[in-house]
J.: 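This is the structure I have questions about; it appears just below.
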Number of protein chains: 2
Amino acid sequence: MARWEPNAQERLTQAALELFVGQGYDRTTVAEITDRAGLTKRTFFRHYADKREVLFLGQDQLTRLFTDAIKAAPTGATPLDAVTAALESAAAVFGQDRREFVRQRQSVIDANDDLRERELLKLARLTAAMATALRERGVADPTAGLAAEVGSLAFVRAFERWVSPSCEEKFATLAREALAELKAAAATLA
Amino acid sequence: MARWEPNAQERLTQAALELFVGQGYDRTTVAEITDRAGLTKRTFFRHYADKREVLFLGQDQLTRLFTDAIKAAPTGATPLDAVTAALESAAAVFGQDRREFVRQRQSVIDANDDLRERELLKLARLTAAMATALRERGVADPTAGLAAEVGSLAFVRAFERWVSPSCEEKFATLAREALAELKAAAATLA
DNA sequence: AGCGTGATGACACTTGGTGTCGTCAGTGCT
DNA sequence: AGCACTGACGACACCAAGTGTCATCACGCT
């Protein structure tokens with residue numbers, strides 16, 4: 001038998017989300033979280049760089065999903081084709097089973113400025129990763145950055161709809177719609 | 001004669017920037033800043049919501065410059081025309097005389113993750129303000145958001161060039177170039 | 001049995017940030 | 001002149017995030 005209960009990190013995440021939902025992010029101390037998880041404050045910061053990160057785990061995985069899909073896109077694919085593939089591959093993380101969890105998480109983030117700030121940082125990193133992946137497949141620079149930005153914007157819009165109350169659509173569908181809308185809008189810009 | 005030396009806020013900004021440049025942002029405490037400025041820690045937080053904000057004053061002014069220019073654009077102007085006007089009006093803040101100050105400030109921001117995070121928040125607010133201003137002049141939603149995003153991207157690229165070492169170009173010129181590049185890239189996306 | 005390893009606890013410490021109250025120059029009103 | 005009011009600041013106590021450091025002890029390996 002183990003010296004401690006297993007799944008420390010998972011218990012921390014669970015406890016944190018419950019408390020955040022129940023009483024708000026900033027009215028919850030790290031000590032409260034670790035008490036509920038049966039751990040100490042010091043251990044919390046061994047698993048998460050700071051208090052906000054407990055809500056942003058798995059972001060790296062999402063980024064890898066995006067960049068892998070862009071790399072794997074066929075040679076003839078346009079930049080927006082590659083971005084489309086990236087968004088569709090993200091559907092693996094936004095399945096129907098995770099929807100309620102993601103909704104709760106998002107309601108916490110939306111209610112706090114510090115968390116929205118962190119969310120923007122993660123999104124910016126995602127966008128930068130897409131741009132890099134596009135450049136690596138030979139897309140020239142102004143276009144690579146723009147395509148990544150369009151993809152990022154489509155992702156945000158699709159995500160907003162996906163987590164909105166009473167939405168039942170699949171993420172991949174919403175992503176395709178958002179991208180098509182933006183593609184049409186891009187044509188009218190020039 | 002006044003009870004205290006005047007220009008408290010200005011002295012705080014000055015002291016903070018000097019210390020940040022000299023020894024780094026995170027190796028500088030608020031107490032050090034206020035000591036140098038001849039004030040107390042409490043007073044610092046009366047002028048700035050948090051330690052980072054001391055580097056982001058005047059951001060609201062920039063946002064107002066942008067939105068005012070978009071509002072003032074002629075009725076027949078396309079979304080990108082309005083955005084172009086916004087970027088050019090920002091040249092008022094990025095004059096040759098402020099260049100060295102902005103360069104120092106930016107080197108501090110680039111060296112610290114927390115500050116980059118705050119910078120992204122400010123940029124996101126700027127983008128959102130542009131999108132709102134565009135919507136208020138009747139631009140439909142996918143286009144308004146996209147045009148704002150393109151303007152934001154152009155702003156970032158122009159700014160990066162403007163603060164890069166040994167750059168002598170005027171900001172307005174760089175902004176026009178960046179926007180023209182992105183406009184061309186947008187045409188190839190669809 | 002002995003040994004290293006890795007995750008955790010314990011605990012003191014620094015620093016960002018806030019609440020609260022006192023102080024006192026300037027301002028305006030009577 | 002006398003008065004109350006306001007606004008900017010200092011003083012001080014306090015809370016919570018985050019870090020450095022050392023001790024502990026189950027587990028696996030030899």
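Residue numbers start from 1 in every chain, and the chains themselves are labelled A, B, ... in the order their sequence lines are given, proteins ahead of strands. Below, all heavy atoms of this structure are taken into account, side chains as well, without hydrogens, waters or symmetry copies.
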J.: Under 3.5 Å, is there a donor-acceptor pair between the B:Gln96 and B:Arg99 side chains?
T.: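 Yes - a donor-acceptor pair under 3.5 Å links their side chains.
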J.: Considering only distance and modelled atom types, tabulate donor-acceptor pairs under 3.5 Å from the side chains of residues 143-161 of chain A, sequence neighbours left out.
T.:
| residue | atom | partner | partner atom | Å |
| --- | --- | --- | --- | --- |
| A:Ser152 | OG | A:Thr127 | OG1 | 2.9 |

J.: So which heavy atom on B:Val54 is nearest to which on B:Ala16, and how close?
T.: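 Distance-wise, the nearest heavy atoms are CG2-CB, 3.9 Å.
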J.: Give the angle between the helix axes at the two ends of the helix from C:dA1-D:dT30 to C:dT30-D:dA1, taking five base pairs at each end and rounding to 10°.
T.: 10°
J.: Mind calculating the distance between CZ (B:Arg27) and C1' (C:dT15) to the nearest angstrom?
T.: 15 Å
J.: Give a yes or no on whether a salt bridge exists between B:Asp50 and B:Arg118, defined as a side-chain N under 4.0 angstrom from a carboxylate O.
T.: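 Judged by the 4.0 Å cut-off on N to carboxylate O distance, B:Asp50 and B:Arg118 do form a salt bridge.
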J.: Could you check how far CG of A:Asn7 sits from P of C:dT8, rounded to whole Å?
T.: 10 Å
J.: Check residues 181-190 of chain A and write down every donor-acceptor pair under 3.5 Å in which the side-chain atom is one partner and the other belongs to a residue at least two apart or another chain.
T.:
| residue | atom | partner | partner atom | Å |
| --- | --- | --- | --- | --- |
| A:Thr188 | OG1 | A:Ala185 | O | 2.7 |

J.: Which heavy atom in A:Glu32 sits nearest to a heavy atom in A:Thr29, and how many Å separate them?
T.: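 Looking at all heavy atoms of both residues, the closest pair is OE1-N, 2.9 Å.
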J.: Using 0.5 Å steps for rounding, measure from the CD atom of A:Glu117 to the CG atom of B:Leu121.
T.: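 Rounded to the nearest 0.5 Å, the CD-CG separation comes to 4.5 Å.
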J.: Spell out protein contact along nucleotides 11-21 of chain D as letters: B when the base is contacted, S when just the sugar-phosphate is, - when no protein heavy atom is under 4.0 Å; keep the 5' to 3' order.
T.: B----SBBBBB
J.: Looking only at side-chain N and O atoms, does B:Thr43 come under 4.0 Å of OP1 or OP2 in D:dA8?
T.: no
J.: A:Glu100 and A:Gln104: side-chain hydrogen bond (donor to acceptor under 3.5 Å, both in side chains), yes or no, with the steps?
T.: CA-CA 6 Å; A:Glu100 212 38 54; A:Gln104 282 201 338; 5.6 Å; no
J.: Minimum heavy-atom separation for B:Trp162 to B:Arg98, with atom names?
T.: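 It is CH2-C, 4.4 Å.
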J.: List, one per line, each side-chain donor-acceptor pair under 3.5 Å for residues 84-92 of chain B, sequence neighbours excluded.
T.:
| residue | atom | partner | partner atom | Å |
| --- | --- | --- | --- | --- |
| B:Thr84 | OG1 | B:Leu80 | O | 2.6 |
| B:Glu88 | OE2 | B:Arg176 | NH1 | 2.7 |
| B:Ser89 | OG | B:Leu65 | O | 3.4 |
| B:Ser89 | OG | B:Ala86 | O | 2.8 |

J.: Check whether any side-chain nitrogen or oxygen of A:His47 sits under 4.0 Å from OP1 or OP2 of C:dA7, and answer yes or no.
T.: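 A:His47 to C:dA7 OP1/OP2: no side-chain N or O under 4.0 Å.
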J.: Near DNA chain D, counting only heavy atoms under 4.0 Å, which residues of residues 10-21 of chain A show up?
T.: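 Nothing qualifies; none.
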